[in-house]
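Everything on this sheet refers to the single structure shown next.
Every chain is numbered from 1, with letters handed out A, B, ... down the list of sequences. What you are looking at is a predicted structure, and each value in this text was computed from that prediction instead of being measured.
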Amino acid sequence: MRLIRRLDGEVLEGAIVETEAYYGLRDPASRAFHGMKNYNRLMWREPGRAFVYNVHRYWMFNIVAHEPGEVGAVLIRALEPAKGVEIMLRNRPVEDLRELTSGPGKLTTALDIDKGLHGADVTTDRSEIFVVADDLDFEVGTSHRIGVRRDLEEELRFFVKGNRFVSR
DNA sequence: AGGAAGATCTACT
DNA sequence: GTAGATCTTCCTA
C-alpha cells in the first residue's frame, strides 16, 4: 500500500516496503504483552487506526490490525519515497536517499509523524495520514523481527524483495 | 521524584 | 560490530 501524509497543504507519499506484525498478550515483543495501558489501548480497538508510540527518541508508526476479537498492530518499518521528497529531506537531511525512510524512526522523522497522529483513521483520505491500495507486482520476503528482545518462532517481518529502501 | 526499559539511530572502530 | 545519546511512559516510593 502507499502511505500518504498531508502536511501544511503539501503531500508526502511513499510505498510501504517493510512491515512487522505484533500480536497481543501472547507476544512478548508486543506493546500489548503487559496488558492494556493508556498508551496502547488502541491495539484492542477496531483495525485501521494509527497507533503511535515512542522508542528512545523516535516515534513508531503502526496501524491497528487484527482478527475480530483479537489484539494487534503492524509496524511500518520502511517506505520508498514517491512524493514530497524535498519536504522529507527538510525534515530529515541526508545525502543518500536510501537513508531517508529506511527504518521506523527515520520515516516518522521524514514524514513529521508524532503523537499528534495517534488514533487517526488511516482508511479515509480525510485524515492527515492514510493508506491507499497499490496494485504493484512484487515478491515478499520474510524474516524474524528486528531489534526485539524476545521474538516468537514465526517470522513476522515482511519486506519487498530486492527493494533498496528496506532497512537491511 | 527517580529509575528503568525500549519494535532506534548515529558515529565510531 | 558496538557504545552512547536521548525521550516517553510506566512502576515504585
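Taking the side chain of A:Y58 as heavy atoms from C-beta on, and the options B:dC9, B:dG6, C:dC11, the nearest nucleotide is B:dC9. Listed nucleotides: B:dG6, B:dC9, C:dC11. Nearest to the side chain of A:K37: C:dC11. Closest to the A:R57 side chain, of the nucleotides C:dC10, B:dG6, C:dC7, is C:dC7.
Here A:L12 contributes atom CG and A:E128 contributes atom CD; the two are 11.0 Å apart, rounded to the nearest 0.5 Å. For the atom pair A:R77 CZ and A:R168 CZ, the distance stands at 7.0 Å (nearest 0.5 Å).
At a threshold of 4.0 angstrom between heavy atoms, the contacts of A:N38 are confined to the sugar-phosphate backbone, with no base atom among them. Contact annotation for A:V55: base contact, defined as any heavy-atom pair under 4.0 Å involving a base atom. Note on A:R92: only backbone sugar-phosphate atoms sit closer than 4.0 angstrom, heavy atoms only; bases stay farther off.
If you measure from atom CZ of A:R168 to atom P of B:dT10, you get 13 Å, rounded to the nearest angstrom. Atom-to-atom, OH of A:Y39 to P of C:dC10 comes out at 7 Å; the value is rounded to the nearest Å. B:dG6 atom P lies 13 Å from atom OH of A:Y22, rounded to whole Å. Per the geometry, CE belonging to A:M60 stands 12 Å off C1' belonging to C:dT8, to the nearest Å. Summarising the geometry, the separation between CZ on A:R41 and P on C:dT9 is reported as 14 Å, rounded to the nearest angstrom. Rounded to whole Å, atom P of C:dT9 lies 9 Å from atom NE2 of A:H118. The distance between atom CG of A:N62 and atom P of C:dT8, rounded to the nearest whole Å, is 17 Å. What separates NE2 of A:H34 from P of C:dT12 is a distance of 12 Å, to the nearest Å.
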*When you look at A:R49 and A:D121, which way does the salt bridge (charged side-chain N to carboxylate O under 4.0 Å, His left out) test go after all the steps?*
CA-CA 5 Å; A:R49 291 192 181 272; A:D121 182 353; 5.2 Å; no
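There is no side-chain donor-acceptor pair under 3.5 Å between A:S143 and A:E155.
Geometrically, A:R145 engages A:Y22 in a cation-pi contact defined by less than 6.0 Å to the ring centre and at most 45° from the axis.
Of the side-chain N and O atoms in A:K115, none sit less than 4.0 angstrom from OP1 or OP2 of C:dC7.
In this structure C:dT6 sits in no base pair that meets the Watson-Crick or G-U test at under 3.5 Å.
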